Chemist: 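Handing you this structure, nothing more for now.
As a basis for the values below, the full set of heavy atoms in this structure was taken, side chains included, without hydrogen atoms, waters or symmetry mates. In each ligand, atom 1 is the first atom listed, and ligand 1 is the first ligand listed. Predicted model, so just to flag it, every value in this text is computed and none were measured. All residue numbers refer to positions in the sequence shown, counting from 1.
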Amino acid sequence: MNSKELKILAIDDNQDNLTSLKAVIADAIPGTKVVTALDGYSGIALALSEKPDVILLDIVMPVFDGLSVCRKLKEDEDINHIPVIMLTALKTDHETRIIALEAGAEAFLAKPLDAVELIAQVKAMAKIKESADRQRTEKFRLAALVSERTLTIEKELAERRKAEDELKKANQKLSQTQLATLNLLDDLRKEMTAHEKSEKELIIAKNKAEESDRLKSAFLANMSHEIRTPMNGIIGFSELLKDNDLGTEERDRYVRIINENCQQLLHIISDLIDISKIEAGLIESEPGEFCLNSLMDSLAENYISKTADKGLQLNLHKDFQLNDSYIISDQSKLRQVIENLLTNAIKFTHSGMIDFGYKLRDNKLEFYVKDSGIGISEDHRNAIFDRFWQVETGLARQYGGTGLGLSISNAFVKKMGGEFCVESKTGLGSRFSFSLPYVPSDNSPSKRISPVKDSIDFEGKTILIVEDEPDNYDLLRIVLSRLRLNVLHAWDGNEAMQIFNHHPKIDLVLMDFKLPDIPGQEITQLMLKQRTSLPVVATTAYAMSGDRERAFEAGCVGYLAKPIHMDELMETLKSFLR
Ligand code: ADP
């Protein structure tokens, strides 16, 4: 160490001591700077400002003694490495020395000071200080390095944390995107399925539309043929009737042919009306009480000659006894369905037999028509219920028909609460059946039209016909006059009321429901107000669903749909003109 560089701080309350100290040091270590303080406070301040290499500190000082000053110096980080040499009295006891060491002093010098010892101590302390300085420098450098490294690490850590956060966020975003993509894929798949489905539906609809178009064209062509054929018969044989030379037998034959053709035409028209009503959703079941066996007997009666004409046998099976066969159902629809099935059975059977009837099964009435005809192949078994559909197509058709019968029958049976079933074998025959709910009636005779008495005599009975169509009236007039009935006639509602008021002896009214002035329904109600027991029978050309109900609601006892069948008219007259 270069002695010139030494800086010593001496703290002593005795100026003389300080002066002699300065002198000794300047003499022994020339160039040394000695700063002095007379008390502990200024000593500490100097130590902080001057940063000496060694501090010489007097132990005995007033107010702030050397031990306390030493403790203070050792508390301060900036200066606690500066070696302190305590200047003690010669006789300082052993304990004081220990306390001084504990207070942080590095060495002791006894007063009066020995110059050689002082210098040796100062030099030794200066060396210690020099090494302490180096250590401190190293320590600071290391500390700076550590803090720099720590800062770097913290910074790196913060960056890593930030990067991790970002990675986490990116991961979250990724999984969200993945989820969204999955959802998108799912939606896409669903959309594709829906698309495929609607495409299939479109194709089906297109095929159906094409089929329906084809069927309609075929139907129109058929229809023209189906209408023209009977028209041809009617017009032709009507012309022939004009011949005055015709024999009775021939005339009767022509009339029968005209009548049959008219019935055929009527059938087509009513089928057309029915299919229109079905398509417009206007078909309703109209249940009422009737005798099932009578219905089946009358069907057998009507069809026996048709089957016989073709050399076929017709068998009827009834499960009930006559008196148990009163049921509640829609008689007119049931009749129409069985008629359709019988007509088809006869049409498509060339030999053998036709069985029809009903059975009671599981509280249901199963109706069936079985034939030994041409049968229906399996591929056609469902299609036959589609409107206009026929197995036979084209010009070379042998069977005729409009393709409406089964479609109408199916709709009627559904409305009545039943379901169709077809069993068939090509070439062997078919069995059409359907079950309806069995609702037995209470069989009260008062509710039923009394059994017909054939022997009733109409002579002297008066009947009022309310009818605005001249031809219809004419026909009724001729038929009724032949039965020796007195016939009164009104063209409209007002005239009907006038006649009614002047003829208290009217026995029956045939009331057209469609009149030019007042609806027949109202006239009926007005008449019944005055004569509650007067039988009024409604006649209507509409044959629309609900007409029958309206007639009975108005108080009518019967209902005849136009064209009026003569046998139905006779039944009605026999029932109410007693
Ligand atoms: P139409 O008899 O006026 O042609 P339908 O709707 O009653 O109309 O019948 C449709 C088709 O079903 C008929 O054209 C025929 O091809 C077939 N069909 C119906 N009933 C029978 C049957 N008993 N035997 C064979 N084929 C039948």
Chemist: To check you understand the geometry: which heavy-atom pair defines the closest contact between Y368 and K359, and what is its length?
Modeler: CE2-CE, 4.2 Å
Chemist: Considering only heavy atoms of L404, which atoms of ligand 1 have at least one such atom less than 4.0 Å away?
Modeler: 6 (O), 8 (O)
Chemist: Considering only heavy atoms, which of I354, N344, V369 lies nearest to atom 2 (O) of ligand 1?
Modeler: N344
Chemist: Does F500 have any ring pair (Phe, Tyr, Trp, His ring centres under 6.0 Å) partners at least two apart in sequence or in another chain, and if so, which?
Modeler: none
Chemist: I'd like to know if F385 contacts ligand 1, where contact means a heavy-atom distance under 4.0 Å to any ligand atom.
Modeler: no
Chemist: Take the angle between the ring planes of F420 and F432 and call it parallel below 30°, perpendicular above 60°, tilted in between.
Modeler: perpendicular
Chemist: So is H380 touching ligand 1 or not, going by heavy atoms under 4.0 Å?
Modeler: no
Chemist: With a 4.0 Å cut-off on heavy atoms, is N340 in contact with ligand 1?
Modeler: no
Chemist: As an exercise, identify every atom of ligand 1 less than 4.0 angstrom from a heavy atom of S430.
Modeler: 24 (N)
Chemist: Can a non-hydrogen atom of G403 be found less than 4.0 Å from any atom of ligand 1?
Modeler: yes
Chemist: Would you say D274 and Q336 are linked by a side-chain donor-acceptor pair, where the criterion is simply a distance under 3.5 Å?
Modeler: yes
Chemist: Taking only residues two or more places apart in sequence or in another chain, which ones pass salt bridge (charged side-chain N to carboxylate O under 4.0 Å, His left out) with K206?
Modeler: E210
Chemist: When you measure from the centre of the six-membered ring of Y303, is the NZ or CZ of K306 under 6.0 Å away and within 45° of the axis?
Modeler: yes
Chemist: Could you work out, for atom 6 (O) of ligand 1, the closest of L406, I408, T426, D371 by heavy-atom distance?
Modeler: L406
Chemist: Taking the six-membered ring of Y438, is the NZ or CZ of K364 close enough (under 6.0 Å from the centre) and on axis enough (within 45°)?
Modeler: no
Chemist: Against heavy atoms of G375, which atoms of ligand 1 measure under 4.0 Å?
Modeler: 25 (C)
Chemist: Under 4.0 Å from any heavy atom of K347, which atoms of ligand 1 are there?
Modeler: 1 (P), 2 (O), 3 (O)
